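Data block below; observations after.
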Amino acid sequence: MNRTLCYSVVFLIFTHATVFLRAQDVNGQFPLIPYPAFIQSDVGAFQLSKTTLLDFDEAMEAKDVEGFRQQIRSFLGYSLGKTKIKAPAGNYIRFKIDRLHNEYDSVLKNAEGYTLICTQNNIEVKASTIKGLFYGLQSLTQLIQKSSIGIFSIKACSIKDYPRFAYRGMHLDVSRHLFPVHSLKKWIDLLALYKINTFHWHLTDDQGWRIEIKKYPKLQSVSAYRKETIVGHKRADPHVFDGKSYGGYYTQEEVKEVVRYAMERHITVIPEIEMPGHAQAVLAAYPELGCTGGPYETATFWGVFEDVFCAGKEQTFTFLTGVIDEVLTLFPSSYIHIGGDECPKTRWKVCPKCQNRIKSEHLKDEHELQSYFIRRMEKYLEGKGRKIIGWDEILEGGLASSATVMSWQGLEGGIAAAKMKHDVIMSPEKYVYLDYYQSYQDDEQIAAGGFTPLSKIYGYEPVPEVLNEKDAVYIKGVQANLWSEYVNTPEKAEYMMFPRIIALAEIAWTQKDLKNYEGFLTRLRPQSKMLQRLKVNYFKNYDEIIGNSQLINGKSTLSLQTTLPKGTIRYTTNGKVPGIKSLVYKKPLVIDRTQQIKAAVFNNGAVVTPVFKKDFTISKSTGKKITLTYQPKGNYAPNGAASLINGISGSQLYNDGEWSGFSGENLEAVIDLEQQQQISQLSINILKHHWQRMWEPDLLKFEVSADGTNYTEVYKQSSFIKEGINEIRVTIKPVEIRYVKVTAINKGIIPKGGYGAGGKAWLLADEIFIN
């Protein structure tokens, strides 16, 4: 995208009448994203014309002045005159650097804060830095309205604004799939529009090395390419490949151009060079850096691999410091991201050199060896005047002294680091990963797994509640991550990014008490015109119906809601697509029989959202008391034991809230039917995806009892052939009982040769039906 188009982005958004509100009245009608700390409307409007002057502070550099002028010219279609601040008469817009008042003005004290005052005669944008003025300009341009006869104006108002967090980030993985420089620039333009100030560029991984390092030419000729790529999802067994070589890398000149382009838009680019794990692409070119010596090849499918950098060899550190030296010349960022995540210790445990390193450095185990690795690289970077950021696994074995932790596995890593007085960037997979599904629709494009709709990202609170006030200050910001295993084109990347990254921008900038999802959506909807003009392939169905199922008094219920204003939800209970004469949804539905609910939102007699559907299978176990010996864990425990007896089967989207997951532990459940009764059918679903570490149980059995003490086994099974959902449907001789015990013996430890060998196996089960 050229400079003119870049600066035109922000002007394409709002060409309709605007309602101005105080920030305290956050009802979503004021069209600024992110929402400002304070805004107040005034009487009248400022009218732009060819006689309007742009009045610039002498402290502004020529490139900043020209950038501001181009931004405004690209929208108006004509240039405004310019002057320097000498209190010009007439109609003018003033951009002023004010360093005199920043010591006692809480807004100007913030380097990214600004004030904007618009009257009928002039506009003044004031900040203590150029960056603050830049963000004021983004808000100013969003306020421009165009009348039906082509007159441009800005409603009189006052704004005081500053960000909640200093770090507002977007991560992009280019190792699995590479994106052209012009796409990166297009996305950087959009990040700047929404006041995101950090671009985390994930440049290396097992599947490809994407940055030119002149000292090590094989990184370009070998590590940057893989012989083929997996087709479809990695959970499929067996894997299928396309047979086509894939690869490429960014030259150092291209890297410099991206960094320069971002800096002009006040975005810091932080590179990520993975270590000590995710190194298979490097080892393919330089096998001597591994523990076994190879041979290795650049990975052709997605996952975590056992071959990592050898921590016992000095040449490993010679190589990495050589890489870092060249990286530092390209990136002026104070931080360098060194990864540190998902490093199996399998090779280190049997590598003589790694074991010698443990002994010579007086380390306790391989976890402390990883800490040694990270600390050594930290010390090297500190000697170069830089700091490290790493994923939360860098906590293993002890945290490096000045490291910043990027908490991705959940909240725990961030909480632990903050309590240790280390800076933290919150980036939990469950809430802000953009490679997750954003819809339950059957035609949704393939994604990594899980479900992260727009509402879930917007509802995320970056500061964990358990942190006290003193520890909470170490939460420096929040970041959304887009991993590209299943994102192979720029169009798909945009589809996964937008509009979810816009929600991330607001939770990163806007003050916590001013967040309001309905208001956010009202401000977001008009921006579809801008996204369409820029040919952004964004996800459009964020207003689809959201269904929430829960057990109330032993009954399964379904509540429906839509964020679409003036929309009416109509539904059916017979599986037919709702029509204009279908029932209007008014309150939660009580589900007392097996049925399929379908619903859609209507506006002016027409369906305006995709059709929502939910299947319920009601049995004798639905809503009954269930007791578990071991509780579900991680992302597979949203409703505890309730998901096993709520009448809803889990889907292939295994983070859909219906699967219960047990990490290394058994499923041991007892269901109390509340009274003795005859049963003859028992059912459960088991999810088998070895490439997701989801293993079938070694044994599944059903037992029944009349008194809850003496149980009789009525069925057992030890073979689960199907890859995916194994539906276990058992018919037994009719028996009078009250209690049913279900036991599934977890595989325990993933066996040798399996993906994630040596780690705990997941056992995933869903609805237990009894009839």
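Owing to the predicted nature of the structure, the values given are computational and were not obtained by experimental measurement.
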Would you confirm whether Asn685, through its side chain, and Ala765, through its main-chain N or O, come within 3.5 Å as a donor-acceptor pair? no
Test of understanding: with side-chain hydrogen bond (donor to acceptor under 3.5 Å, both in side chains), list the residues that count as partners of His177, not counting sequence neighbours. none
If the condition is salt bridge (Lys or Arg N to Asp or Glu O under 4.0 Å), which residues does Arg386 pass it with, not counting sequence neighbours? none
Angle between ring planes, Tyr460 versus Tyr431, binned at 30° and 60°: parallel, tilted or perpendicular? parallel
For Ser175, check side-chain hydrogen bond (donor to acceptor under 3.5 Å, both in side chains) against everything at least two apart and list the hits. none
Closer than 4.0 angstrom, basic N to acidic O: yes or no for Glu314 and Arg376? yes
Does some side-chain heavy atom of Pro453 sit less than 4.5 Å from a side-chain heavy atom of Lys456? yes
Chi angles and distances behind the salt bridge (Lys or Arg N to Asp or Glu O under 4.0 Å) call for Arg235, Glu485: CA-CA 12 Å; Arg235 65 188 176 212; Glu485 287 92 337; over 6 Å; no
Does any part of the side chain of Cys354, heavy atoms only, come nearer than 4.5 Å to the side chain of Leu369, both counted from C-beta? yes
Just list the side-chain donor-acceptor pairs under 3.5 Å for residues 410-425, sequence neighbours left out, or say none.
| from | atom 1 | to | atom 2 | distance (Å) |
| --- | --- | --- | --- | --- |
| Lys421 | NZ | Asp471 | OD1 | 2.4 |
| His422 | ND1 | Ala403 | O | 2.9 |

Is it the case that the side chains of Glu696 and His690 hold a donor-acceptor pair, with the cut-off being a distance below 3.5 Å and no angle test? yes
Nearest 0.5 Å, please: how far is CG in Asn746 from CD in Glu668? 10.5 Å
Give me each pair satisfying side-chain hydrogen bond (donor to acceptor under 3.5 Å, both in side chains) with a member in residues 319-329, each pair once, sequence neighbours excluded. Gln252-Glu326, Asp325-Tyr380
Salt bridge between Lys227 and Glu297, side-chain N to carboxylate O under 4.0 Å? yes
Pair Trp659 + Tyr636: ring centers closer than 6.0 Å: no
Is it true that Tyr486 and His233 have ring centroids separated by less than 6.0 Å? yes
Would you say the rings of Phe373 and Phe317 are close, in the sense that their centroids are separated by under 6.0 Å? yes
Identified ring-ring contact (aromatic ring centres under 6.0 Å, His included) counterpart of His171 within the set Tyr433, Phe199, Trp483, Trp408: Trp483
ring-ring contact (aromatic ring centres under 6.0 Å, His included) partners of Trp509, counting only residues at least two apart: Tyr135
Please confirm whether the backbone N or O of Val174 pairs with a side-chain atom of Ser484, one donor and one acceptor, at under 3.5 Å? no
Sorted by chain and number, sequence neighbours left out, salt bridge (Lys or Arg N to Asp or Glu O under 4.0 Å) with Lys387 holds for none
With Asp766, which residues qualify under salt bridge (Lys or Arg N to Asp or Glu O under 4.0 Å), at least two apart? none
Can you tell me if Gln479 and Tyr167 form a side-chain donor-acceptor pair at under 3.5 Å? yes
Are Leu330 and Val259 close enough that some pair of their side-chain heavy atoms sits under 4.5 Å apart? no
Test item: side-chain donor near acceptor, Ser333 and Thr268, under 3.5 Å: no
Using a 4.5 Å cut-off on heavy atoms from C-beta on, say whether the side chain of Val323 contacts that of Thr204. no
What do you reckon, are the aromatic ring centroids of Trp391 and His202 less than 6.0 Å apart? no
Is there a salt bridge (Lys or Arg N to Asp or Glu O under 4.0 Å) between Glu361 and Arg375 once you walk through the steps? CA-CA 12 Å; Glu361 296 294 334; Arg375 289 173 190 268; over 6 Å; no
Arg693 side chain to Gly756 backbone, donor-acceptor under 3.5 Å: no
Sorted by chain and number, sequence neighbours left out, side-chain hydrogen bond (donor to acceptor under 3.5 Å, both in side chains) with Gln631 holds for none
Measure the spacing between CD of Glu429 and CG of Asn481 and express it to the nearest 0.5 Å. 9.5 Å
When Asp205 is tested against each of Arg176, Arg210, Gln280 for side chain to side chain donor-acceptor pair (under 3.5 Å), which residue passes? Arg176
With Val327, which of Val255, Ile213, Leu381, Leu203 fulfils side chain to side chain contact (heavy atoms under 4.5 Å, CB included)? Ile213
Considering only heavy atoms from C-beta outward, does the side chain of Gln409 approach that of Glu393 to under 4.5 Å? yes
Hey, do the aromatic rings of Tyr216 and Trp209 have their centres closer than 6.0 Å? no
Shortest non-hydrogen contact from Leu283 toward Val308: CD1-O, 3.8 Å
Ignoring hydrogens and angles, tell me if any N or O in the side chain of Tyr246 forms a donor-acceptor pair with the backbone of Arg226 under 3.5 Å. no
Sequence-distant partners of Ser221, side-chain hydrogen bond (donor to acceptor under 3.5 Å, both in side chains), two or more places apart: none
What about the rings of Phe331 and Tyr335, do their centers lie closer together than 6.0 Å? no
Applied to residues 352-372, the ring pair (Phe, Tyr, Trp, His ring centres under 6.0 Å) test, sequence neighbours excluded, yields none
Does atom NZ of Lys353 have more than 12 heavy-atom neighbours from other groups under 6.0 Å away? no
Going by the rule salt bridge (Lys or Arg N to Asp or Glu O under 4.0 Å), which residues pair with Glu306 if we only count those two or more places apart in sequence or in a different chain? Arg347
Smallest heavy-atom separation, Ala400 atom then Ile374 atom, equals CB-CG2, 4.4 Å
